[in-house]
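What's counted below: heavy atoms across the whole structure, side chains too, no hydrogens, waters or symmetry copies. Here is the naming used below: chain letters follow the sequence lines, and residue numbers restart at 1 for every chain.
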Amino acid sequence: MLDPKFIKDNLEAVIKNIADRYMKADAELTVALYEKRNGLIKKLEDERRARNENSAAMKGKLEADKRNALIAEGKRLKDNIAAMESELSGLDLQLDTELRKIPNMAHPDAPKGKEDKDNTEVKQVGSPTVFSFAAKDHVQLGQELDIIDFDAGTRVSGTKFYYLKNQGVFLELALVKYALDILVKKGFTPFITPDIAKMEILEGIGFNPRGPESNVYALEGEDSCLVGTAEITLGGYYSDKIFAKEELPVKMAGLSHCFRREAGAAGQFSKGLYRVHQFTKLEMFIYCLPEDSGKAHEELRLIEEEIFSGLDIPFRVVDTCTGDLGAPAYRKWDLEAWMPGRGEGEWGEVTSTSNCTDYQARRLNIKYKDEDGKNKYVHMLNGTAIAISRALVAILENFQQEDGSIKMPKALVPYLGFDTIHVINK
RNA sequence: GGAGAGAUGCGAGAGCGGUUGAAUCGGGCGGUCUCGAAAACCGUUGAACCUCCGGGUUCCGGGGGUUCGAAUCCCCCUCUCUCCGCCA
C-alpha cells in the first residue's frame, strides 16, 4: 500500500495514476478518512493524557472525598475513551479498505495504456522460428510424444490439469536445475518454499485471496491459501524484519508449485499448458535499498534474458503499460517467447519481473536501518526465472522437427542426458 | 493428538496492581586512559503514530475483560520448548 501521508501530499498525482492504471479507487475519500482519523487520534490522546494525569494524582495517600472525586473523574474519562476508541477502530478499518484499493505509483517511463496491446517492445532476441513443414502446437506434440497427458489430468483433477510423463518429467527437472545453477552463480540463495501461505501474507504482497474473482485457491477453514507464486512465500519470508543496511541486497531464488484458479480463462490462447491451474516455477526475489531498486530490476530482467537466450528460444522484451501493471508494481517487464503453435505463431508471456518499490514492504513491515538511525522501508522486486509450463510450450513448439521429434536446447542436454525426444510407437 | 513449561528491549533476564518504557548483565556506539590495542572506567543505545515541533499517545506474543489505574489479575487464541503418541 501507499503511505496515506504521501497520498495526502500528492493527491493530484495519485488520482491521475489511478486513472492511468484503469483502476477503481477513491484517493479523495482516503485522504478524508485519514484526516478524520488523525483528528480523532488527537482528541483521543488528549483524553488519555487526562486519564494518565488523573491516575497519577492518586498514587499517594489521599482524603477519602478527594480520592472519590478523582475516581469519579476517572470513570467519566474511561467511558469517553472507550467510545472514542471504538469510533477510531471503525475509521481505521475504513481507511485500510480504501488504502488497499490504491495501486502503487507507476514509473514515469512506463508506457501509458489500457491493456497488453499497449505494452511497448523494448528489444527482440532471435527471430520467429520458420518451419519448412506444417508446425504443430505443443498439445498435439506432447500427446504424440507421450510426455504430457491432458486427458488423464482432466479426468483425475479437472480441466486445466495435466500429467507430465516420460521425458516431460526430466525436462521439468532439467529446466529447474539449469535455471537454478545460473541463479546460484549470481549470488541468489536457493529455496524450496511452502506451497501454502497465510492470507495476511497474500494480502501484504498485494493479492486478493477472497471473492469470486480471486485467482487464489483458499483452503476451507484454514485462513490460508495455495500460493500462486513463490513471490508470496519469498516476500513473506522477512515480514516484520529490520535489516542492517549492509545486509542488503538479499537475493533469493524460490522453487514452488503455483496454483491459480484462472476462472473464466478459456479459448485458443490459453489452451494446453499455456494457462493451467498448477505449474512449477522458479522465482527470483530481491530486497534492496530504495536507491538500488532500478538497478536491481534491470538485473532481474537481464537474468531472464540470459536464461532464455541460453535455451535458444526467440523472445522479445516488453515494457508493461500502466493499465496492465499489477497493483503493487511500479514498473514491469515481460519476456514473451515465440510460440509457433498459437494461431499462426504469436508472442506469449514466459516471464515477468516487477519492481514493487516499498508498496509491499509497507504492509509486510520490512525495513532497514539507515545511517540516520531511522528505519525505512526496503524495496522489493520479483521476477520469473523459469515457469516450467510456459517454457515447455516454447521448447516443444520451437524445436519440433519434421518427423515430430523435439530437439533439446544444447544447454539442457547435460541436465537431461538426451538431446532429442523421439517419436515412439512408429 | 495428549501432558507440562514458557513468550518482556539487539541478546540473556528481573519485575507479578500506581514511583517501570521497563532493574541487572551482555552486545553495539561514543569517550577517558594508551605509542597503539586490550583491560578498566564514564556516557549512550527500542519502535510506531499524532503534532500548535514545545511536546503528546500507544506498544512487555495476539485479542478480549476486570480496575480510577494493568507488563503485573481473569478469559480466549497463537507460537516455542520438554515428554508421550502417530508418521513420510
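- Taking atom C1' on both B:A48 and B:C60, the two are 15 Å apart, rounded to the nearest angstrom.
- The partner of B:U32, taking Watson-Crick or G-U wobble pairs whose two distances both stay under 3.5 Å, is B:A40.
- Pair assignment for B:G9: none, as no Watson-Crick or G-U wobble contacts are both less than 3.5 Å.
- Along RNA chain B, the nucleotide nearest A:K198 and the nucleotide nearest A:L70 are compared for position; the residue whose nucleotide lies closer to the 5' end is A:L70.
- If you check B:C81 for Watson-Crick or wobble pairing at under 3.5 angstrom, you find it paired to B:G4.
- Nearer to the 5' terminus of RNA chain B, by closest-nucleotide assignment, is the contact made by A:R48 (compared with the other of A:R48 and A:G74).
- Taking the ring centre of A:F243 as origin, the terminal cationic atom of A:K241 falls inside the region bounded by 6.0 Å and 45° from the ring axis.
- The side chain of A:N38 contributes no N or O atom lying less than 4.0 Å from OP1 or OP2 of B:C49.
- A:Y274 carries A:R390 over the face of its six-membered ring, with the cationic atom under 6.0 Å from the centre and within 45° of the normal.
- Proximity note for A:Y34 (side chain, C-beta onward) versus B:G18, B:C50, B:U57: the nearest is B:C50.
- Nucleotides B:C42 and B:U51, compared at atom C1', are 36 Å apart to the nearest Å.
- Rounded to whole angstrom, the span from the CD atom of A:E53 across to the C1' atom of B:G55 amounts to 12 Å.
- Contact between the side-chain N/O atoms of A:K369 and the OP1/OP2 oxygens of B:A47 is found at a separation under 4.0 Å.
- At distances below 3.5 Å, not a single donor-acceptor pair connects side-chain atoms of A:K185 with backbone N or O atoms of A:L180.
- Annotation: B:G46 and B:A23 have their P atoms spaced 11 Å apart (nearest Å).
- In this structure, of B:C50, B:A47, B:U58, it is B:C50 that holds the atom nearest to the side chain of A:K5.
- Comparing the C1' positions of B:A70 and B:C59 gives a spacing of 13 Å, expressed to the nearest Å.
- Between the CG atom of A:D240 and the C1' atom of B:C79 there is a distance of 14 Å, rounded to whole Å.
- Annotation: B:U72 and B:C16 have their P atoms spaced 12 Å apart (nearest Å).
- For B:A71, there is no paired nucleotide, since no Watson-Crick or G-U wobble pair has both relevant distances below 3.5 Å.
- Each of B:A48, B:C49, B:U57 was ranked by its minimum atom distance to the side chain of A:R37; first place goes to B:C49.
- Nearest nucleotide to the side chain of A:N375, out of B:A48, B:U57, B:C50: B:A48.
- Both tests hold for A:K367 against A:Y377: distance to the six-membered ring centre under 6.0 Å, angle to the ring axis within 45°.
- In this structure, the nucleotide among B:G56, B:U58, B:C68 sitting nearest to the side chain of A:E45 is B:G56.
- Across the C1' atoms, B:U20 and B:U58 are found 16 Å apart, a figure rounded to whole Å.
- Taking the O4'-C1'-N9-C4 or O4'-C1'-N1-C2 dihedral as appropriate, B:G54 has a value within 90° of 0 and is therefore syn.
- Between A:K198 and A:E200, no side-chain nitrogen of the basic residue sits less than 4.0 Å from a carboxylate oxygen of the acidic one, so the salt-bridge criterion is not met.
- Between B:G69, B:G18, B:C50, one nucleotide has an atom nearer to the side chain of A:K42 than all others, and that is B:C50.
- If you measure from atom NZ of A:K8 to atom C1' of B:C50, you get 11 Å, rounded to the nearest angstrom.
- In this structure, the nucleotide among B:U57, B:C68, B:C49 sitting nearest to the side chain of A:N54 is B:C68.
- Other residues, nucleotides and ligands contribute at most 12 non-hydrogen atoms within 6.0 Å of the NZ atom of A:K5.
- Nucleotides B:C86 and B:G9, compared at atom P, are 38 Å apart to the nearest Å.
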As a quick check of understanding, evaluate side-chain hydrogen bond (donor to acceptor under 3.5 Å, both in side chains) for A:H257 and A:D195, giving each step before the final call. CA-CA 6 Å; A:H257 292 116; A:D195 289 336; 3.0 Å; yes
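- Spacing between B:G4 and B:C77 at atom P, rounded to whole Å, works out to 14 Å.
- A straight line from CZ of A:R49 to C1' of B:G55 spans 8 Å, rounded to a whole angstrom.
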